[in-house]
Novice: 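Take this structure first; my questions come after.
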Number of protein chains: 2
Amino acid sequence: MARTKEFDPDAAVDKAMEVFWANGYAATTPQQLVEALGIGRGSLYNAFTSKRALYERALRRYYERETTRLLQVLDGPGPARERLRAALELLVAAALDDRERRGCMVTNAAVELADRDEVIAHLVRRTFERQEAAFRSTIEEGQRDGDISADRDPAALAAFFLTTINGIQVLAKADPDPRRLSRLAETALSVL
Amino acid sequence: MARTKEFDPDAAVDKAMEVFWANGYAATTPQQLVEALGIGRGSLYNAFTSKRALYERALRRYYERETTRLLQVLDGPGPARERLRAALELLVAAALDDRERRGCMVTNAAVELADRDEVIAHLVRRTFERQEAAFRSTIEEGQRDGDISADRDPAALAAFFLTTINGIQVLAKADPDPRRLSRLAETALSVL
DNA sequence: CGCATTTTGTAACTAGAGTTCAAGAAAGGT
DNA sequence: ACCTTTCTTGAACTCTAGTTACAAAATGCG
């Protein structure tokens, strides 16, 4: 009854995500998107309405795809303390693998857009809350097990870890030094 | 021998700094700059060459003007531990006062540009190093005075504090919650 | 098969970004 | 008073961002 799409919209969002992730929102052009997605301008706008709308979808995709690794590590097996360590080490390793220094797309969105765009801000907050909640439940678990001293407020500790991972993203943008980042993570863990 | 400038270039850089600080680099337009500086387009480019060059000057100005408060607190009088607390509280208070949530211009520059522009990255690194050094010498002083336990590596602690303040900037962009930020700072201090 | 529908590629459009330029105005030295 | 220099204003210019429009092509239903 109607012509079928020749490209996979899901795959296209993935590619758009890569472009926005690497360049940020404002610095990304329709031209770059068209080239990266391998489709015509017409198809781009027919399928995704606007640059802004595509960015939002890309950020949601990032939230679903790239943000889960951390949660998996935190919700995984093993002593709570070890999981927290593994989580921070994961972040550090990812930052060092990231040769183009794109950082974390949510951190980037927070800094570039959260103050100007309520929808983006909301998405960012949701990501942060999920991460914070994962930190928190891991910490609480550790406290029940006696793995982590119980005289600290788990909510405060979770917010602190959230801050730390965002701080690591910023640092790594300017100067991805392996030794420094590792010691950093180590020091943050010593708060427990 | 030549006509004198009718505007104060130093004051103009200050105004440009405000605009870039609030909007970031890519999202700032010549039009906004012209309006904010109150000069003609011709004068703008005659005096500052390009948007990029003006941004660089604005960021340098930020480095000189807005980045010193932290250092003053850290280098000030009083017990080292108290100075570290005051420094973090200063950051938190500034974030809460910042109704437009511009955050820290250096943090913003790090995230938006440090991966693409080596000159900006260098400036960011310099700022970070200066802040890190101030944290470090305060910590070392505290360790000599017995104010801070001496069994920790001051360099690692300093890097950790640098991360924390950048993390706070990111968090505050998305959700400037007073209670959370204060407890955050408190928790970070408990690492000592 | 033909029809309604949605896709695609390409051209077109508007607006504004980022910069340059020309003509005149202030300043100071001679 | 003039000359040189540097400033100012404002228009002008090029280029591209971001979007839309259009004609042709594909699809499946009746």
Side-chain angles (χ1 to χ4, degrees), chain A residues 1-61 105 108-109 112-113 116-117 119-120, chain B residues 1-61 105 108-109 112-113 116-117 119-120:
Chain A
M1 197 176 180
R3 182 171 177 175
T4 60
K5 276 198 172 64
E6 289 183 4
F7 67 95
D8 177 357
D10 270 354
V13 172
D14 280 343
K15 289 175 186 166
M17 181 187 85
E18 298 287 340
V19 179
F20 282 125
W21 186 0
N23 300 318
Y25 175 71
T28 296
T29 70
Q31 188 55 34
Q32 289 174 288
L33 290 168
V34 157
E35 282 165 15
L37 309 210
I39 65 180
R41 270 168 131 75
S43 298
L44 212 222
Y45 280 88
N46 176 54
F48 302 111
T49 309
S50 71
K51 176 184 165 186
R52 169 58 225 285
L54 180 52
Y55 178 82
E56 203 179 310
R57 287 194 63 173
L59 186 55
R60 293 203 137 89
R61 176 64 52 85
M105 191 178 171
N108 298 352
E112 186 185 359
L113 301 168
R116 342 190 53 174
D117 187 322
V119 176
I120 300 299
Chain B
M1 200 177 176
R3 181 170 179 176
T4 61
K5 275 197 173 63
E6 289 183 4
F7 66 94
D8 177 358
D10 270 353
V13 172
D14 280 343
K15 289 174 186 167
M17 181 187 85
E18 299 287 340
V19 180
F20 282 124
W21 187 359
N23 301 318
Y25 176 72
T28 297
T29 70
Q31 189 55 34
Q32 289 175 287
L33 291 168
V34 158
E35 282 166 15
L37 307 211
I39 65 181
R41 269 169 132 75
S43 297
L44 212 222
Y45 280 87
N46 176 54
F48 301 111
T49 309
S50 69
K51 176 185 165 184
R52 169 58 225 283
L54 180 52
Y55 178 83
E56 201 179 312
R57 287 194 63 173
L59 186 56
R60 294 203 137 87
R61 176 64 52 84
M105 191 178 172
N108 298 351
E112 186 185 0
L113 300 168
R116 343 189 52 171
D117 187 322
V119 176
I120 300 299

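For the numbers below, each heavy atom of this structure counts, side chains included, while hydrogens, waters and symmetry mates do not. Throughout, protein chains are lettered first and strands after them, A, B, ... in sequence-line order, and every chain is numbered starting at 1.
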Novice: Check each residue of residues 43-61 of chain B for a non-hydrogen atom within less than 4.0 Å of any atom in DNA chain D, then write out the ones that pass by number, or none.
Specialist: Ser43(B), Asn46(B)

Novice: Tell me: CD1 of Ile39(A) to C1' of dT10(C), nearest whole Å?
Specialist: 14 Å

Novice: Is it the case that the side chain of Glu112(A) and the backbone of Ala26(A) share a donor-acceptor pair, with hydrogens and angles ignored and the cut-off at 3.5 Å?
Specialist: yes

Novice: Which atom pairs, donor and acceptor, lie under 3.5 Å between side-chain atoms of residues 7-20 of chain B and protein residues at least two apart or in another chain?
Specialist:
from     : atom 1 : to        : atom 2 : distance (Å)
Asp8(B)  : OD1    : Asp10(B)  : N      : 3.0
Asp10(B) : OD1    : Arg61(B)  : NH2    : 3.1
Asp14(B) : OD1    : Arg61(B)  : NH1    : 2.7
Asp14(B) : OD1    : Arg65(B)  : NE     : 3.4
Asp14(B) : OD2    : Arg65(B)  : NH2    : 3.3
Glu18(B) : OE1    : Arg102(B) : NH2    : 2.5

Novice: According to the ring-ring contact (aromatic ring centres under 6.0 Å, His included) rule, which pairs have a member within residues 23-44 of chain A, sequence neighbours left out?
Specialist: Tyr25(A)-Tyr55(A)

Novice: To the nearest Å, give me how far apart CZ (Arg41(B)) and C1' (dG18(C)) are.
Specialist: 8 Å

Novice: Let me know the distance between CG of Asp8(A) and C1' of dT7(C), rounded to the nearest Å.
Specialist: 15 Å

Novice: Of all the heavy-atom pairs spanning Asn23(A) and Arg116(B), show the shortest one and how long it is.
Specialist: OD1-NH2, 3.0 Å

Novice: Under the rule for ring-ring contact (aromatic ring centres under 6.0 Å, His included), what residues qualify as partners of Tyr45(A), not counting sequence neighbours?
Specialist: none

Novice: Let's see if you can work this out: which of dA12(C), dT8(D), dG18(C) has an atom nearest to the side-chain heavy atoms of Thr29(B)?
Specialist: dG18(C)

Novice: Within this structure, what is the CG-to-P distance between Leu33(A) and dG9(C), rounded to whole angstrom?
Specialist: 16 Å

Novice: Search all heavy atoms of Trp21(A) against all heavy atoms of Met105(A) and return the closest pair with its distance.
Specialist: NE1-N, 3.6 Å

Novice: Distance-only, no hydrogens or angles: does the Lys51(B) side chain make a donor-acceptor pair with backbone N or O of Leu33(B) under 3.5 Å?
Specialist: no

Novice: Identify whether any heavy atom of Gly42(B) sits under 4.0 Å from a base atom; if not, whether one sits that close to sugar-phosphate; answer base, sugar-phosphate or nothing.
Specialist: base

Novice: Which pair of non-hydrogen atoms, one from Pro30(A) and one from Arg41(A), has the smallest distance, and what is that distance?
Specialist: CB-NH2, 4.3 Å

Novice: Tabulate protein N/O versus nucleotide N/O from nucleotides 26-30 of chain D, keeping only pairs under 3.5 Å, one per line.
Specialist:
from    : atom 1 : to      : atom 2 : distance (Å)
dT27(D) : O2     : Ala2(A) : N      : 3.1
dG28(D) : O4'    : Met1(A) : N      : 2.3

Novice: Specify the separation, in whole Å, of atom CD of Gln32(B) and atom C1' of dG18(C).
Specialist: 13 Å

Novice: At what distance, to the nearest 0.5 angstrom, does OG1 of Thr28(B) lie from CG of Leu54(B)?
Specialist: 9.5 Å

Novice: How long is the line joining CG of Leu37(A) and P of dG18(D), in whole Å?
Specialist: 14 Å

Novice: Could you identify which residues of residues 10-27 of chain B place a heavy atom less than 4.0 Å from some atom of DNA chain C, listed by residue number, or say none?
Specialist: none

Novice: Apply side-chain contact (heavy atoms from CB on, under 4.5 Å) to residues Ile120(A) and Arg52(A) and explain how you reach the verdict.
Specialist: CA-CA 10 Å; Ile120(A) 300 299; Arg52(A) 169 58 225 285; 3.9 Å; yes

